[in-house]
Amino acid sequence: MRPVKLALLGCGTVGSEVVRLLHEQAPDLTARIGAELELAGIAVRRPGRKRGSLPVDESLFTTDALGLIKRDDVDVVVEVVGGVEPARSWLVEALRAGKSVVTANKALLAEDGATLHEAAAEGAADLYYEASVAGAIPLLRPLRESLHGDRVTRVTGIVNGTTNYILSSMDASGAGFDEALEKAGELGYAEADPTADVEGFDAAAKAAILASLAFHTRVTAADVFREGMTAVTAGDMASARRMGCTIKLLCIAERGPDARGRESVGVRVHPAMIPRTHPLAAVQDAFNAVFVEAEAAGQLMFYGQGAGGTPTASAVLGDIVAAARNKLTGTRAPGENAYAHLPIRSIGEVVTRYHISLDVAERPGVLAAVAGVFARHEVSIATVRQSGRAQDAQLIIVTHGAPDANLAATVAELDQLDIVRSIVSVLRVEGGA
Ligand SMILES: NC(=O)C1=CN([C@@H]2O[C@H](COP(=O)(O)OP(=O)(O)OC[C@H]3O[C@@H](n4cnc5c(N)ncnc54)[C@H](O)[C@@H]3O)[C@@H](O)[C@H]2O)C=CC1
Ligand SMILES: N[C@@H](CC=O)C(=O)O
Ligand code: NA
C-alpha cells in the first residue's frame, strides 16, 4: 500500500508536536490505518530556524505553502498556522483539488467556515477540525456524529484554557492578571496575540463552531455576544468567594423559543459567577469542560486539556488518521449539515441573571429608590446584601432571570441615580449562584 502523504502547514507549538507524535507513534499509526503516513513537506516562515530536537529531515522545510499544497503526491493538508488569511486561500485550494484538510484554526472556521465547507463539497474532500475547539477533548466528533440522532438544546462550558488558567490562578493564589497571562503564554496555551484569549474572541470562535454543529445552523463569530475577562478584578473574585462562588469565562449556546415564541439560537461568551458546588467551578488551570444537553441523551460532560501543543496535537493526529483511512477506503467524513437555518437571538432577548455591586449613599430611602429601578424594568431581585460604612454603603444585588436588555437598562438607570456613587461591578450569574 502506498503511503498517505501529508503537507504540514506551520511548525509552532502545535505543529512541532504533530511532527513528534507522527514520528514516535509511526508503527501504531501504520497498523491502525493500514498504510504509512509520510510527511511530504512542512511549510514554515523561517526554514533556517534551529528545530534541533525535531525528528525530521531539514530538506522537508519550505516557505512555499501553496506549492506544497499543490503537489500531486499530497493527500492530506494539515493546517496549524492560524489566522484567516492566507490559511483560507490555502485550504480552499486544497479542498477544491480533492485533498483532505485537517485544521486547528477556529478563527478561520468561525469567520468563514461556509467557504471551507463549500470548497469541501465541491472537491468531495474531507474537512476535519476537532483540535479547533477544546484542544484534546473529543467534542466535535460526538456532536457531528454520535449525537446526530438526538436534538441538542444547550452547550455550556469553559472553552479557553488561557483565561481559565488566569482566573483559576487569581482565585487560588490571588495571582495578578499580567503574571498569570505571561505564564499561560510560556506554557503554549495563549494565542499568538493573547488579546484573542482575554477579550473572548477565541472562546467566541469556538462557541460559533459548537453552535453551528449543535443546532445545524450556520453561526459565525459575528453572531456571538462576546465580553472578555479583562474587567474581572481581584475585588470581584473576592466578592464571589464571599458568596461561595467563583468566576469563569463561559461559552453558552442555547436553542429554544424566544419572546415571540419563535425557535431561535442564542450564543454568548462572558465571565460569569458560578457556585463553587457547580461542576465547572472545579475546572482548573488550562483544562476545559463542556456540558452538552440533548433531549434524549440528557446531560453529557466532556472534560480534558483544552490547550497546549501536545494535547492539541492528539486531536490533530486523530483527524489525520480518520482522513487517511477515508482516503484508503474511498469514504468521506460527514459534510456540513446546516439545514435548520435557525434565526440568531440578540443578547438583549436572552434571559440572564446579574450580580450588581453598587457604592451608595448611606441614608434612609436608598434601598427603596434602588429597588424601584429594578421594578420599573420588571427585574425581580433574588437577594440584597448591604455592608454599611459612615456615609456610604455597598449594596450587592443578585437578580432573578430577566431579558438581558432589561438588566442592562436597569444598570444604566442605576448609574444615573444621585444616591449611586459608583457601579463597582456587574457580572452575569449562572447555575443557581
Ligand atoms: N496552542 C494551543 O493550545 C492551540 C492552538 N490551536 C490553534 O492551532 C493553530 C496553531 O497554533 P500554535 O501552534 O499555538 O501557534 P504558533 O504561533 O506557535 O504556530 C504557528 C506557526 O505558523 C507559522 N507561520 C505563520 N505564518 C506562516 C506562513 N505564511 N507559512 C508558514 N508558516 C507560517 C509561525 O511561524 C508559527 O511557527 C492556531 O490556529 C491556533 O488557534 C488550537 C487549539 C489549541
Ligand atoms: N489559546 C487557546 C488555545 C486553544 O484553543 C486557549 O487558551 O484555549
Ligand atoms: Na477538541
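The model shown is predicted, which means the values in this text are computed figures rather than measured ones. All ligand and atom numbering here is 1-based and tracks the order in the structure. Side-chain atoms are counted along with the backbone in the values below, which use heavy atoms only and exclude waters and symmetry mates.
Shortest contact from atom 17 (O) of ligand 1 to any protein heavy atom: A192 CB, 4.4 Å.
The closest approach between a heavy atom of G135 and any atom of ligand 2 is not below 4.0 Å.
Applying the side-chain hydrogen bond (donor to acceptor under 3.5 Å, both in side chains) test to pairs two or more places apart or on separate chains, those with a residue in residues 286-296 are R151-E295. Applying the ring pair (Phe, Tyr, Trp, His ring centres under 6.0 Å) rule to pairs touching residues 156-186 yields Y165-Y189, sequence neighbours excluded.
Judged by a 6.0 Å distance limit and a 45° cone about the ring axis, R154 is not positioned over the six-membered ring of F291.
With a 4.0 Å heavy-atom cut-off, ligand 2 is reached by the backbone of T162 and by its side chain too. Heavy atoms of E191 found under 4.0 angstrom from ligand 1 belong exclusively to the side chain. Of the heavy atoms in N288, none comes closer than 4.0 Å to ligand 2. Under 4.0 angstrom from ligand 1, the non-hydrogen atoms of W90 all belong to its side chain.
For the pair D404 and R428, the salt-bridge criterion is met [side-chain N within less than 4.0 Å of a carboxylate O]. E111 and R88 are not joined by a salt bridge, as no carboxylate oxygen comes within less than 4.0 angstrom of a charged side-chain nitrogen.
Of the protein's heavy atoms, none falls inside 4.0 Å of atom 15 (O) of ligand 1.
Every N/O-N/O distance between G10 and ligand 1 stays at or above 3.5 Å.
Of all protein N/O/S atoms, those under 3.0 Å from the Na ion (ligand 3) are E130 O, E130 OE2, V133 O, G135 O, I137 O, and waters are not counted.
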Please tabulate, for the side chains in residues 18-37, all donor-acceptor contacts under 3.5 angstrom to protein atoms that are two or more places apart in sequence or on a different chain.
from : atom 1 : to  : atom 2 : distance (Å)
R20  : NE     : E17 : OE1    : 3.1
R20  : NE     : E17 : OE2    : 3.3
R20  : NH1    : E24 : OE1    : 2.9
R20  : NH1    : E24 : OE2    : 2.7
R20  : NH2    : E17 : OE1    : 2.7
T30  : OG1    : A26 : O      : 2.9

